[in-house]
Amino acid sequence: MSQAAAQRLEAFLERVPYVRFLGMRAELAGDEMTAVLPFAPHLIGNVALPALHGGVIGAFMEMTALAQLSVIAPSPKVHKTIDIAIEYLRPGKAQVIYARADVRKVGRQVANVHVEAWQDHRDKPVAFLRGHFLLSGT
């Protein structure tokens with residue numbers, strides 16, 4: 001991605017307080033962005049397993065979608081979530097989790113985005129997100 005895209009991504013990550021709370025970061029490789037959520041004890045939801053909180057995984061995937069949109073649909077404001085649906089497939093272990101967003105369609109006002117999150121192997125996803133996002137005007 002271009003230097004401008006990297007700057008837009010970094011601006012998004014710095015602008016959203018919940019991204020900082022989670023400790024989320026993102027890596028760019030060519031035209032692909034991979035979001036990374038390093039493990040931290042405050043992200044645990046089930047101490048018996050231990051497993052990441054489902055809300056943390058869902059929020060991480062939502063932030064991944066918004067981060068990807070900030071790169072491909074630049075705006076001085078953060079785009080807004082209209083709706084999301086999450087499929088939890090397996091518990092998120094107490095370790096780093098990764099996610100990638102696939103922007104399926106960008107219209108004049110709404111974008112459709114799918115996100116997958118995984119840990120050890122990308123072919124064994126932890127969860128999927130499908131969402132619609134309202135694009136903020138420039």
Side-chain angles (χ1 to χ4, degrees):
M1 288 198 168
S2 70
Q3 182 65 23
Q7 290 172 343
R8 289 191 299 269
L9 176 59
E10 192 59 38
F12 169 82
L13 295 173
E14 291 174 5
R15 185 182 314 146
V16 180
Y18 199 62
V19 167
R20 291 191 309 270
F21 171 78
L22 291 174
M24 177 181 160
R25 57 186 169 79
E27 300 169 352
L28 294 173
D31 62 349
E32 289 188 328
M33 180 200 75
T34 302
V36 181
L37 182 62
F39 172 73
H42 72 279
L43 304 177
I44 292 292
N46 183 336
V47 293
L49 289 179
L52 296 173
H53 192 285
V56 166
I57 295 171
F60 170 58
M61 290 190 301
E62 181 179 3
M63 294 299 112
T64 300
L66 290 167
Q68 183 69 60
L69 285 172
S70 75
V71 172
I72 67 165
S75 171
K77 299 179 190 175
V78 175
H79 301 299
K80 304 293 182 203
T81 303
I82 296 171
D83 64 19
I84 59 173
I86 299 171
E87 296 176 47
Y88 293 98
L89 305 174
R90 56 184 48 85
K93 297 179 248 175
Q95 64 188 49
V96 65
I97 187 167
Y98 305 92
R100 281 216 179 125
D102 177 18
V103 179
R104 300 287 173 99
K105 172 128 172 84
V106 176
R108 287 192 322 253
Q109 296 182 354
V110 176
N112 179 304
V113 183
H114 291 202
V115 178
E116 66 176 342
W118 71 94
Q119 289 185 307
D120 295 321
H121 304 283
R122 190 166 180 194
D123 61 345
K124 292 184 180 179
V126 172
F128 290 111
L129 175 143
R130 289 183 316 277
H132 296 96
F133 300 86
L134 181 64
L135 301 175
S136 301
T138 53

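- Without hydrogens or angle criteria, His79 side chain to Ala111 main chain gives no donor-acceptor distance under 3.5 Å.
- Here the closest heavy-atom approach between residue Thr81 and residue Glu62 is recorded as OG1-OE2, 2.5 Å.
- Ile57 contributes atom CD1, which lies 6.5 Å from atom CD of Gln119 (distance to the nearest 0.5 angstrom).
- Shortest non-hydrogen contact noted between Phe12 and Val19 is CE2-CG2, 4.1 Å.
- Remark: the backbone N or O of Gly55 is paired with a side-chain donor or acceptor of His53 at under 3.5 angstrom.
- Note: the hydrophobic cluster containing Val115 also contains Tyr18 (ILVMFWY, side chain heavy atoms under 4.5 Å, direct or indirect links).
- Criterion: ILVMFWY side-chain heavy atoms under 4.5 Å apart, direct or through other members. Under it, Leu13 and Leu43 are part of a common hydrophobic cluster.
- Nearest heavy atoms, Pro91 versus Leu49: CB-CD1, 4.3 Å.
- No chain of hydrophobic side-chain contacts below 4.5 Å, direct or via other Ile, Leu, Val, Met, Phe, Trp or Tyr residues, connects Trp118 to Phe60.
- Within the structure, the side-chain hydrogen bond (donor to acceptor under 3.5 Å, both in side chains) test picks out the following pairs touching residues 85-102 (sequence neighbours left out): Glu32-Arg100, Thr34-Arg100, Glu87-Arg130, Lys93-Asp120, Gln95-Asp120, Asp102-Arg104.
- Proximity of a side-chain donor or acceptor of His42 to a complementary backbone N or O of Phe21 within less than 3.5 Å is detected.
- Nearest heavy-atom pair, Leu129 versus Gly58, reported as atom, atom and distance to 0.1 Å: CD1-O, 4.2 Å.
- Residues Val113 and Ala101 come closest through the heavy atom pair CG1-CB, 3.9 Å.
- Hydrophobic clustering, with ILVMFWY side chains joined whenever heavy atoms are under 4.5 angstrom apart, groups Val16 together with Leu37.
- The CE atom of Met24 sits 11.5 Å away from the CD1 atom of Ile97 when rounded to the nearest 0.5 Å.
- A distance of 13.5 Å separates NE2 in His132 from CD in Gln109, rounded to the nearest 0.5 Å.
- At a threshold of 4.5 Å between side-chain heavy atoms, the hydrophobic network of Ile, Leu, Val, Met, Phe, Trp and Tyr places Leu9 and Val36 in two separate groups.
- A 4.5 Å side-chain heavy-atom check between Ile84 and Phe133 finds at least one atom pair inside the cut-off.
- Residue pairs meeting the salt bridge (Lys or Arg N to Asp or Glu O under 4.0 Å) criterion with at least one partner in residues 8-20, sequence neighbours excluded, do not occur; the list is empty.
- Counting all heavy atoms, side chain and backbone alike, Thr64 lies closest to Ala35 at OG1-CB, 3.3 Å.
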